[in-house]
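Okay, structure first, notes after.
The structure presented is a predicted model; accordingly, all values stated were derived computationally and were not measured. A note on names: the letters A, B, ... follow the listed sequences, proteins ahead of strands, and every chain is numbered from 1.
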Amino acid sequence: MPAIKCVELTKRYGALTALDGLTIEVHERSIFGFLGPNGSGKTTMIKLLMGMSRPSAGRAWVNEKEVVADAPDMRAQIGYLPDVPNFYNWMTGNEFLQFIGELCHLSSFDSVSRSYELLELTGLQKAGKRKIGGYSRGMKQRLGLAQALMNHPKVLFLDEPCSALDPMGRRDVLNIILKLREFTTVFMSTHILSDVERVCDSLAIINKGKLVTTSTVEALRQRFALSSFDIEFDSDPAELTILLENQPWVQKVTKLESNNTSVLCVLAGDVQSAKRELPQLIAASGLSLVRYEMTMPSLEDIFVRLVAGEVRT
Amino acid sequence: MKGFGVLLRKEIKEQFRTNKIVIIAIVFLFFGLSSPVMTKYLPEIINSLSGTGGFTIEMPDPVSSDALLSYASNISQFGVLMTVLLAMGAIAKEIESGTAALLLSKPVTRLSFIIAKLAAEGLNILLGLLMGGLACWGYTLILFGEVSALGFVYQMLLLALFLLFCLSVTLFFSSLIKNQIAAGGLAIAVIIIISILSALPKIVHFLPGGLISWGNNLVSGVSGSAEWGSLAVSLALIVLGIYGAWFNLRRKEL
């Protein structure tokens, strides 16, 4: 049984369909990236899986228990970081964590020691003594992560965990997430692709509430391993462009003009032929070559192509 | 009722740390002290002002029970207002700012969340009522030389119940509407409508407003005017308000 599972999960707000029949499985102790542009339904999905909002149709299971509203026992083993975490401004960070610890049924001694542990983990040792009212947005984000980890959750939902963080903070948070893999299943929503590339094992991409694709990060790269070549010249390669467009192993040629040079981006359908024949064609064209580079598609390219609907899966 | 104890401790702490307990105490103490003074000296002030105008207003000499009635009357207006102001944001603000979502993602039930609010804010108001009441009673004793005790104790209990009814109504609207000003406004409107209905002769025996006239009669020493109907309805409305708040919160998508 997967740690998180949902079948045909749908959420409608009146005429608006925020989520449209999502079926996803997340394996235990994996880090799952939930990707989508702004307003694609990422937060709605997490709220449905947390039981904070009721689905219009479909069912979901977390930790082998069906998600229902107002079920405290289910939540005992779940951690949750909202997209914009907010706290009681009159409490200090330390006090808040201890309060959350006690809510999670830790003894007061355990709450205190776990609070210090988490303040250190999230880099809030000094700020922990100050009132939350004076925290910056990034500090609140860190405190939000700390409170989500209070109960050593088996499943952790993170809604945009790296938003509002500086580059250092982002690296820290990603490292914390990586360390969690030993005992926790992490479900994180984000639109930052490099984060997913760094920590996630598998991912789902949604757009306008619909599932575009779900797979492991590696399998997705393999599937879209259409190699492209960047070829830069210091004069206009008009003839070569036409020549290339007529080659059977070329899928698409785009020409980019910059100051004094032009770059041909060649998308090859057959990588082997391209590697063999491209240099010969360039040499035969008599143009002077500035740069010749083979580029692998980044997750970002894939994401943009999938979301823009360029590629059907 | 999972997590009730921890939530209650947090709510009580919040009453102190956000100075809500001090504000309530100051307002109730103000009315506790001003009611006897105004009762004792207002007729003299009016007479001294109108004396030069060529006519005098004949007023009976104030007695100590008038001071206690004046306190009750002030509480039934300003005490109610303070109760609504205190509680209108209790749930609405937590939902709006997202702290409710964070809290309710922990192993606690929504019922304990609401009951903890009711208990902490109820305690705050009752503490204010008690302090103001003691101040009023003591000052009346000093100014008038004598004051009845038992009637006043009963009146305080009935006022406490009336304020709890107002608290329950406010919590209901606070859980219904995200905007705390709107929640407070609706709570005031409902309480005023119920108070206006209490002016009707027969219905008053079954409305919370009856509690105040019952208390006034006890203070004035008028016997045989028990409003058991009002008492029962008030208790029922308190429970209903809290049940409604729970119902609202369970339907809320956080």
Side-chain angles (χ1 to χ4, degrees), chain A residues 11 13 18 43-44 46-56 68-92 95-96 98-108 111 131-133 140 143-144 147-148 150-151 153 155-157 159, chain B residues 1-23 86 89-117 120-121 124 175 178 180 243 245-254:
Chain A
K11 178 73 187 175
Y13 296 102
T43 297
T44 308
I46 290 188
K47 292 201 163 168
L48 285 174
L49 291 176
M50 285 290 303
M52 289 186 160
S53 143
R54 279 176 307 277
S56 311
V68 287
D70 212 11
D73 294 327
M74 190 198 101
R75 294 193 297 263
Q77 298 192 313
I78 295 180
Y80 168 55
L81 169 68
D83 50 350
V84 186
N86 239 321
F87 309 91
Y88 303 105
N89 289 338
W90 53 271
M91 281 191 186
T92 66
E95 260 181 314
F96 184 79
Q98 285 172 27
F99 164 58
I100 293 296
E102 284 169 25
L103 274 186
C104 295
H105 313 305
L106 297 183
S107 68
S108 40
S111 289
K131 286 209 174 142
I132 301 173
K140 284 187 179 174
L143 186 62
Q147 65 80 27
M150 201 71 203
N151 55 343
V155 173
L156 184 60
F157 291 100
D159 200 346
Chain B
M1 290 290 278
K2 274 218 162 90
F4 175 71
V6 185
L7 286 174
L8 180 63
R9 272 208 300 285
K10 173 246 158 190
E11 293 296 338
I12 291 178
K13 228 194 237 176
E14 184 165 352
Q15 301 297 314
F16 280 93
R17 297 275 277 278
T18 54
N19 293 326
K20 283 179 182 155
I21 203 146
V22 179
I23 295 164
L86 178 75
I91 299 167
K93 212 176 129 201
E94 293 229 19
I95 291 175
E96 203 191 6
S97 73
T99 47
L102 210 135
L103 216 63
L104 295 171
S105 74
K106 305 297 165 199
V108 296
T109 57
R110 298 184 182 197
L111 185 62
S112 31
F113 178 74
I114 288 171
I115 302 279
K117 298 263 177 211
E121 292 184 336
N124 186 358
S175 69
K178 255 190 197 172
Q180 52 169 327
Y243 179 82
W246 183 44
F247 181 79
N248 288 340
L249 192 63
R250 275 161 58 103
R251 278 164 31 103
K252 270 259 146 60
E253 312 220 321
L254 298 169

Exercise. Could you please spell out the steps behind the side chain to side chain contact (heavy atoms under 4.5 Å, CB included) verdict for A:Y88 and B:K13?
Key: CA-CA 11 Å; A:Y88 303 105; B:K13 228 194 237 176; over 6 Å; no
Which atom of [X] lies closest to which atom of [Y], heavy atoms considered:
X	Y	result
B:P107	A:C104	CG-CA, 4.0 Å
B:L104	A:M52	C-CE, 4.3 Å
B:E253	A:R54	OE2-N, 3.1 Å
A:F96	B:L102	CZ-CD2, 3.6 Å

*asked:* Is it the case that the side chain of A:R75 and the backbone of B:K106 share a donor-acceptor pair, with hydrogens and angles ignored and the cut-off at 3.5 Å?
replied: yes
Practice prompt. Using modelled atom types only, decide if a donor and an acceptor are shared between the side chain of B:R9 and the backbone of A:F99 within a distance under 3.5 Å.
Written response: no
Identify which part of [X] has an atom lying under 4.5 Å from any heavy atom of chain A, answering side chain, backbone, both or neither.
X	value
B:T18	side chain
B:L249	neither
B:E94	side chain

N-O pairing of A:E95 and B:R17 below 4.0 Å: yes
Whatever's closer than 4.5 Å to a heavy atom in chain B on A:A148 counts as backbone
Exercise. Hey, does A:L103 have a side-chain heavy atom less than 4.5 Å from the side chain of B:L7?
Worked result: yes
Rounded to the nearest 0.5 Å, the OG atom of B:S105 sits from the CD1 atom of A:I100 at a distance of 7.0 Å
Check your understanding: Got more than 12 heavy atoms from elsewhere within 6.0 Å of NZ, B:K93?
Key -> no
